[in-house]
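Within every chain, numbering begins at 1; the chains are lettered A, B, ... in the order of the sequence lines, protein sequences first and strands thereafter.
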2 protein chains.
Amino acid sequence: MADASRAAKAGGSAPRKRADARRNERALLDAATAVFATSGVEAPVREIASRAGVGVATIYRHFPTRADLIAAVYRHQVEACAEAGETLLAGGGSPYDALGRWVNRFVDFVATKHGLASVLQSDDPAFQSLHAYFLDRLVPVCSDLLRAAADAGEIRAGIDAYELMRGVGNLCIGAESDPRYDARRLVELLVAGLRRTA
Amino acid sequence: MADASRAAKAGGSAPRKRADARRNERALLDAATAVFATSGVEAPVREIASRAGVGVATIYRHFPTRADLIAAVYRHQVEACAEAGETLLAGGGSPYDALGRWVNRFVDFVATKHGLASVLQSDDPAFQSLHAYFLDRLVPVCSDLLRAAADAGEIRAGIDAYELMRGVGNLCIGAESDPRYDARRLVELLVAGLRRTA
DNA sequence: TTAATATACGGAACATTGTTCCGGTTAGCA
DNA sequence: TGCTAACCGGAACAATGTTCCGTATATTAA
């Protein structure tokens, strides 16, 4: 197992990349993480490449679109968020409460990543796959939470998880750069609006 | 008054532009209106210039920043929206109801202008003055409506007009291009969340 | 260890914008 | 009719995203 030459023993897995390729991929991921944190997720490609000490073409080789790079950088956190939703749902409290907590967690994640919220809503085709990734992973979680709350009679019917996620994501736009705007407060209002209207 | 040579009779008003300058300004406004409607408010400058039959420098001469052009194109509608708020407030109904109607009107305006909502929230300094214009004109109106509803005890306290406007604007982003996303519904939820809690 | 080859690399080159500059044109006026 | 200040158009410049191509190298087989 320690020997690198025995690759691809499992089914159709890729035939293992060259060592320099793996090194560069890691360097790019690290550089992108740092640059995204300071300059936002729309920072110039050249900046990321130079920080990683590689040429621009190397970025495109490893991450065909910017969406792939962003997804790779934040994958762990998205997964953690999705799993938190499942945990929250399983924990015995009120489903509406679980929904509220989960939404807050999502906001905490998105609103602290400079520019991520905008990009998630952008209709630029370059970001379509990022959009799809977030949605595929999180909408089902949100949907479960929503259904549970609806079944418990805590919220009004007719709310779609996709729409709610987009709404929450939208409310997070610009949250980092404007001290007068608190996305959490607005999202709280939105979630409060879900409550059953008696 | 019909004679053009007697200009600037009132105080510091501009000394009247040349005829070709006025003609071009009008042509640019018309072209921008058309292009914004089809390609969105972020359409390339060259597209607007060529549609107006002028060079690009002429755009910059008349509208130093894109924000100025956008503001000029939508000024009438913004004014109308602001005035509608005052009317709604004066009309004797429930203040909360008036607020809801006014917000809906604002959404109808913003959500039908391709890309306007995004640009309104953008932190690109080029749009800062547009941002300021919308806010200066509409936040006071919203503030009055909000205060009236608060005074009537219909909504919870502590809601800031600026924050609400930004939230509503944010919710309008992407509303034109996604049939699964209905900004009006989300905004309705947000406004419902304003209701006094018990 | 060495040589062959597929893989990966870097940076130049190209395309698409926004923005500014400059020489020529023209409206307004005497 | 001619002068001049204002205006005009398009070329030129700058900042990006994206692609191409000759070169370098990791890997493997002899």
Do any N or O atoms of the protein come closer than 3.5 Å to N or O atoms of nucleotides 4-7 of chain D, and which pairs are they?
{"unit_1": "D:dA6", "atom_1": "N3", "unit_2": "B:Arg18", "atom_2": "NH1", "d": "2.8"}

Short N-O contact, A:Arg156 and B:Glu188, less than 4.0 angstrom | yes
A:Glu154-A:Ser94 side chain donor-acceptor pair, cut-off 3.5 Å | yes
Shared-cluster residues of A:Val56, by chain and number - hydrophobic side chains joined below 4.5 Å = none
Between B:Phe134 and B:Met165, does a side chain to side chain contact (heavy atoms under 4.5 Å, CB included) hold up when you go through it step by step?
-> CA-CA 10 Å; B:Phe134 269 74; B:Met165 290 298 292; over 6 Å; no
Identify each donor-acceptor pair in which a side-chain atom of residues 59-72 of chain A lies under 3.5 Å from a protein atom, sequence neighbours left out, and give them as a table.
{"unit_1": "A:Arg61", "atom_1": "NH1", "unit_2": "A:Thr58", "atom_2": "OG1", "d": "3.3"}
{"unit_1": "A:Thr65", "atom_1": "OG1", "unit_2": "A:Ala67", "atom_2": "N", "d": "3.2"}
{"unit_1": "A:Thr65", "atom_1": "OG1", "unit_2": "A:Asp68", "atom_2": "N", "d": "3.3"}
{"unit_1": "A:Thr65", "atom_1": "OG1", "unit_2": "A:Asp68", "atom_2": "OD2", "d": "3.0"}
{"unit_1": "A:Arg66", "atom_1": "NH1", "unit_2": "A:Val41", "atom_2": "O", "d": "2.9"}
{"unit_1": "A:Arg66", "atom_1": "NH1", "unit_2": "A:Ala43", "atom_2": "O", "d": "2.9"}
{"unit_1": "A:Arg66", "atom_1": "NH2", "unit_2": "A:Ala43", "atom_2": "O", "d": "2.9"}
{"unit_1": "A:Asp68", "atom_1": "OD2", "unit_2": "A:Thr65", "atom_2": "N", "d": "3.1"}

Note: contacts of residues 53-60 of chain A with DNA chain D (heavy atom, under 4.0 Å) are A:Val56, A:Ala57, A:Tyr60
Protein-nucleotide distance (A:Arg23, atom CZ; D:dA24, atom P), rounded to Å = 17 Å
Within residues 32-51 of chain A, those residues having any heavy atom closer than 4.0 Å to DNA chain C are A:Arg46
Would you check if there is a donor-acceptor pair between the side chains of A:Glu176 and A:Thr112 at a distance under 3.5 Å?
-> no
Whole-Å distance, A:Arg22 CZ to D:dT25 P, equals 18 Å
If you pin A:Glu25 and B:Arg66 to their nearest nucleotides in DNA chain C, which one's is more 5'?
-> A:Glu25
All pairs passing side-chain hydrogen bond (donor to acceptor under 3.5 Å, both in side chains) where residues 137-149 of chain B contributes a residue, at least two apart | B:Glu79-B:Arg137, B:Asp144-B:Arg147
Are B:Arg184 and B:Asp108 close enough, and set up right, to give a salt bridge (charged side-chain N to carboxylate O under 4.0 Å, His left out), and what steps lead you there?
-> CA-CA 8 Å; B:Arg184 286 172 195 74; B:Asp108 284 342; 2.8 Å; yes
Quiz item: cation-pi between A:Arg75 and A:Tyr133, 6.0 Å / 45° | yes
Quick one: do B:Arg166 and A:Asp178 make a salt bridge, cutoff under 4.0 Å?
-> yes
